[in-house]
Amino acid sequence: MAAICVFCASSRTLDQRWLDLAAETGAELARRGHTLVSGGGCVGMMGALADGARSAGGRTVGVIPQSLVDLEVADLASDELLVTDSMASRKTLMIEKSDAFLTLPGGLGTLDELFEVWTTATLALHSKPMVLIDTNGFYRPLLDWLEALADQNFLKTAGRNLLTVTTTVPAALNALESHLT
C-alpha cells in the first residue's frame, strides 16, 4: 500500500474534536494498509494521529528536525524516526518518503507544509495526489481566498485542481487511493 503523509496541528491546546479527527485518520490509514508519514511529533493532533495509526496496527514514520527532538516532542514510539537538521530538510524528506498527502486542520506549520507540497506539484516536481479535509468548514475562508486568486489569474485552474477537497476521512482516503491505482 501507500505511504501517506498527513499534515496537521501539533498544538497542545486544541479541542478534543480535533484530536479525535486525527486519531480517526490514523486508524483509518492503518485499517486500509497504508503507512503513516508525519512530522514526527508526539503532541497535539500529530501525536493523536500516530497513536491512532499504531492502535490499528499501522506503521508510522516520523520526520522531525533535531530542534524539536531537543524540545522533547519527538514521537519516540515511531517505527521509524528520521531526524533532520532543519524544518526545510524535514519537508523535503517528507515529500520524498510519501506517495500522497492529506491535510487536516492546522495552523501556520500545517499550511506551510501544504503549500510546499502544492507549489512543488504545480511546478511538476512531483505528481503525488493531495487532499485537504475541510471538516465543518475549517478551511472555507482559505478556499474562498484561493478561488479569488484564481478569479484574478494569480492561481491557474490547473494548479487549483491539483488539490482535492473533501469533508470526511473516508472520502479523503478514497480520493487519494483513486489517484494511486
Side-chain angles (χ1 to χ4, degrees), residues 2-29 32 34 36-41 43-50 52-53 63 87-88 90-92 94-181:
I4 299 179
C5 185
V6 178
F7 304 131
C8 61
S10 61
S11 172
R12 292 182 166 131
T13 60
L14 299 173
D15 289 344
Q16 186 62 43
R17 66 183 170 141
W18 302 120
L19 301 174
D20 293 344
L21 175 65
E24 172 194 350
T25 302
E28 187 64 19
L29 280 169
R32 292 183 184 216
H34 300 298
L36 168 66
V37 178
S38 77
V43 295
M45 290 176 72
M46 200 180 305
L49 173 73
V63 184
M87 293 294 279
R90 173 201 211 184
K91 287 185 290 186
T92 299
M94 290 168 80
I95 292 169
E96 290 172 4
K97 290 281 185 184
S98 303
D99 300 311
F101 304 93
L102 177 62
T103 303
L104 296 174
L108 292 177
T110 302
L111 291 173
D112 175 53
E113 293 164 335
L114 168 64
F115 282 114
E116 175 85 14
V117 168
W118 196 0
T119 300
T120 53
T122 64
L123 297 171
L125 298 176
H126 71 82
S127 59
K128 300 173 183 182
M130 302 167 291
V131 174
L132 175 86
I133 298 182
D134 184 30
T135 301
N136 297 324
F138 182 88
Y139 282 113
R140 185 75 267 157
L142 175 65
L143 295 169
D144 290 343
W145 177 73
L146 290 166
E147 290 303 323
L149 287 181
D151 291 345
Q152 297 177 56
N153 298 315
F154 285 102
L155 174 61
K156 294 179 181 174
T157 302
R160 167 60 188 91
N161 291 340
L162 290 173
L163 181 68
T164 301
V165 178
T166 67
T167 58
T168 67
V169 173
L173 293 177
N174 289 343
L176 286 177
E177 290 170 345
S178 73
H179 285 94
L180 290 169
T181 57

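Position 1 is the first residue of the sequence, and the numbers go up from there. Note that these values count all heavy atoms, side chains included, but never hydrogens, waters or copies made by symmetry.
What you find for Ala9 and Gly106 is that their closest heavy atoms are CB-CA, 3.8 Å. For Ile95 against Lys128, the heavy-atom pair with the smallest separation is O-NZ, 2.5 Å. For the pair Val117 and Thr120, the tightest heavy-atom approach, listed with the atom from each and the gap, is O-OG1, 3.0 Å.
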*Could you go step by step and tell me if Leu173 and Ile4 meet the side chain to side chain contact (heavy atoms under 4.5 Å, CB included) rule?*
CA-CA 9 Å; Leu173 293 177; Ile4 299 179; 4.2 Å; yes
Stepwise, does the side chain to side chain contact (heavy atoms under 4.5 Å, CB included) test hold for Thr103 with Met130? CA-CA 8 Å; Thr103 303; Met130 302 167 291; over 6 Å; no
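A side-chain contact (heavy atoms from CB on, under 4.5 Å) with Asp134 is found for exactly one of Thr168, Leu104, Val165, namely Val165.
The OG1 atom of Thr157 lies 8.5 Å from the CG atom of Asp151; values are rounded to the nearest 0.5 Å. To the nearest 0.5 Å, atoms NE2 (His34) and CD (Glu177) are separated by 3.5 Å. Atom CG of Leu163 is separated from atom OG1 of Thr122 by 11.5 Å, given to the nearest 0.5 angstrom. Note that the CG atom of Leu102 and the CG atom of Leu176 stand 6.0 Å from one another [nearest 0.5 Å]. In this structure, Tyr139 OH and Thr110 OG1 are separated by 5.5 Å, a value rounded to the nearest 0.5 Å.
A distance-only check finds no donor-acceptor pair linking the side chain of Lys91 to the backbone of Glu116 [under 3.5 Å]. Under the 3.5 Å distance criterion, the side-chain polar atoms of Lys97 are left unmatched by any main-chain donor or acceptor of Cys5. A donor-acceptor distance shorter than 3.5 angstrom exists from the side chain of Trp118 to the backbone of Gly159, with no hydrogens or angles considered. Looking only at distances, no side-chain donor or acceptor of Arg12 sits under 3.5 Å from a matching main-chain atom of Val43.
Under the 30°/60° scheme for interplanar angles, the aromatic rings of Phe101 and Phe7 are found to lie parallel.
More than 12 heavy atoms of other residues, nucleotides or ligands lie within 6.0 Å of CG in Leu123, so this atom counts as buried by the packing criterion. A 6.0 Å sphere centred on NE2 of His179 holds no more than 12 heavy atoms belonging to other residues, nucleotides or ligands.
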